[in-house]
Amino acid sequence: MSSVQGQFDTISTLLFLLTVQLLREDRSLLAGLSFGLAVWLKLFPGVCLLLFVAYLFARYDNAGAIKRTVMAAVGALIVTIILLTPQFLNGEMDIVFGFFTGRMNTVTEYEWYNTLVSVRLTLMLLLMIVLMVWSFIGMKRRTEDLDRYLYLYGGTLLAAATIISRGYQYAPSFMAPIILFAMISDDRRSYGKLFSWMSILLIIDAFFSVGPSLLAMASVYFGVVDPAWLSDISVAFLTTIGYSSSMPIGVVTAIAWAVMLWLFVLYAVSDLFGERYPRFRAIAEKMRIMKEEPE
């Protein structure tokens, strides 16, 4: 779904996971290179910056942590210089952040909608700042099992960041963290069920958004069907029962998986927060609707 629209989310998420692994292996310079590339491909991994710094200070003494932080910063700076030098020389630095600023300045003919979008983006950015500080404090206070919590905190931040610009095509950005939680969290079964349901809903949403055109690349590459014919039936599909129709079926599934994504972030934060505060964990467990009753 993501590759059909030419999204880099899969690559950026892979580089995020590579950064985590390199930090675990004490290869700070390479981790900085990987992290810098991940951020410049897609901005969302940048929310883990404070988390990575906290991990280094939790794992090493102050001198060792500072040394490794500087090495990682040098790696990220090297990537930044390599990628931005052409734009700087051509006097095109204004377009470097054009994608992000363009999303922040959505303009339509409806003033109320423009205001609503601006308020939503502002609130989401404030939420991300709060979560970044929360992950920094939480990781820095950890004294054991640091590698596992690096994945869990990072996965939570990554999933929350994708809510800022939500869409089925960005699924690789938040499905990978959910898989991590399903594999290494204390409540694996609930996160596994969440992953299964979200996968089904995302596929339905994507199909009703772009229809048979999901198969366009495969049809051209393998020559199984005529691309022109595939284009015609895709248009027919979208204008009858797809997103372009009067009764878009995919809207229901889109809303459903979006709600589940919010639930994942809420569950993840409550689990990580509750490990340090048992009373809060008890309250969160009572509110969790997906947790199975004990046999």
Side-chain angles (χ1 to χ4, degrees), residues 1-2 9-10 12-21 23-24 44-45 47-48 51-52 55 124 127-128 130-132 134-135 138-139 142 144-206 253-295:
M1 298 182 293
S2 182
D9 297 73
T10 306
S12 197
T13 303
L14 174 63
L15 289 170
F16 159 78
L17 294 173
L18 178 61
T19 301
V20 172
Q21 184 60 31
L23 286 175
R24 293 178 59 193
F44 67 88
V47 299
C48 295
L51 173 66
F52 292 155
Y55 172 78
M124 285 302 306
L127 174 62
M128 287 312 308
V130 171
L131 290 178
M132 289 173 67
W134 162 75
S135 66
M139 175 57 72
R142 300 283 176 181
E144 57 184 20
D145 212 4
L146 295 175
D147 293 346
R148 174 172 171 268
Y149 284 109
L150 179 61
Y151 276 115
L152 294 178
Y153 277 111
T156 304
L157 291 174
L158 215 62
T162 59
I163 301 178
I164 296 177
S165 182
R166 190 181 63 253
Y168 65 87
Q169 65 270 36
Y170 307 127
S173 307
F174 55 82
M175 292 303 277
I178 297 177
I179 293 174
L180 282 173
F181 270 78
M183 293 177 62
I184 64 176
S185 70
D186 294 332
D187 187 14
R188 302 179 186 182
R189 182 171 298 179
S190 292
Y191 289 110
K193 292 170 62 177
L194 187 65
F195 170 77
S196 299
W197 279 108
M198 286 189 67
S199 298
I200 296 172
L201 294 171
L202 280 164
I203 292 174
I204 296 175
D205 180 25
T253 55
I255 294 175
W257 73 254
V259 171
M260 296 183 76
L261 178 57
W262 274 103
L263 286 175
F264 165 72
V265 174
L266 178 61
Y267 291 167
V269 170
S270 64
D271 283 346
L272 291 169
F273 192 74
E275 289 182 356
R276 295 188 61 85
Y277 301 95
R279 181 173 299 179
F280 176 85
R281 185 181 184 89
I283 297 175
E285 289 296 335
K286 292 181 181 179
M287 296 176 60
R288 174 167 293 191
I289 60 174
M290 292 187 60
K291 190 172 181 62
E292 293 185 353
E293 294 294 332
E295 298 180 0

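Note that this is a predicted model, so its numbers are computed, not measured.
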message = Show, in sequence, the C-alpha distance, side-chain angles and deciding distance for Ser190 and Tyr267, and conclude whether the side-chain contact (heavy atoms from CB on, under 4.5 Å) test is met.
response = CA-CA 10 Å; Ser190 292; Tyr267 291 167; over 6 Å; no
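- For the pair Phe181 and Leu194, the minimum side-chain heavy-atom distance is 4.5 Å or more.
- With values rounded to the nearest 0.5 angstrom, Leu51 atom CG is found 11.5 Å from Leu131 atom CG.
- Annotation: side chain of Leu180 is in contact with side chain of Leu17 (closest heavy-atom distance under 4.5 Å).
- Atoms CD1 and CZ, on Ile200 and Phe195 in that order, are 10.0 Å from each other to the nearest 0.5 Å.
- Counting heavy atoms from C-beta on, the side chains of Arg24 and Tyr55 come closer than 4.5 Å.
- No donor-acceptor pair under 3.5 Å is formed between the side chain of Ser185 and the backbone N or O of Ala182.
- Between Tyr191 and Phe264, the gap from one ring centroid to the other is short of 6.0 Å.
- A 4.5 Å side-chain heavy-atom check between Leu157 and Phe44 finds every atom pair outside the cut-off.
- Considering every non-hydrogen atom in both Met260 and Leu201, the closest pair reads SD-CD1, 3.5 Å.
- Considering OG of Ser12 and CG of Leu158, their distance stands at 8.0 Å, rounded to 0.5 Å.
- Here CD1 of Ile179 is found 12.0 Å from CD1 of Ile184. Values are rounded to the nearest 0.5 Å.
- For Arg188, there are no salt bridge (charged side-chain N to carboxylate O under 4.0 Å, His left out) partners at least two apart in sequence or on another chain.
- Met132 approaches Val47 most closely through the heavy-atom pair CG-O, 3.3 Å.
- Of all heavy-atom pairs spanning Gly155 and Pro177, the tightest one is O-CB, 3.2 Å.
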request  = Apply the test side-chain contact (heavy atoms from CB on, under 4.5 Å) to residues Tyr153 and Arg142: give CA-CA distance (whole Å), side-chain angles for both, the deciding distance (0.1 Å), then the verdict.
outcome  = CA-CA 12 Å; Tyr153 277 111; Arg142 300 283 176 181; 3.1 Å; yes
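- Considering only residues two or more places apart in sequence or on other chains, Thr13 meets the side-chain hydrogen bond (donor to acceptor under 3.5 Å, both in side chains) condition with none of them.
- Closest approach of Phe16 to Cys48, counting heavy atoms only: CE1-SG, 3.5 Å.
- A distance of 9.5 Å separates CE in Met139 from CH2 in Trp134, rounded to the nearest 0.5 Å.
- Side-chain contact between Leu146 and Tyr149 is absent, with no heavy atoms from C-beta onward closer than 4.5 Å.
- One distance of note links CG of Asp271 with CG of Leu152; it measures 9.0 Å at 0.5 Å rounding.
- Residues passing the side-chain hydrogen bond (donor to acceptor under 3.5 Å, both in side chains) test with Trp257 are Asp205, sequence neighbours excluded.
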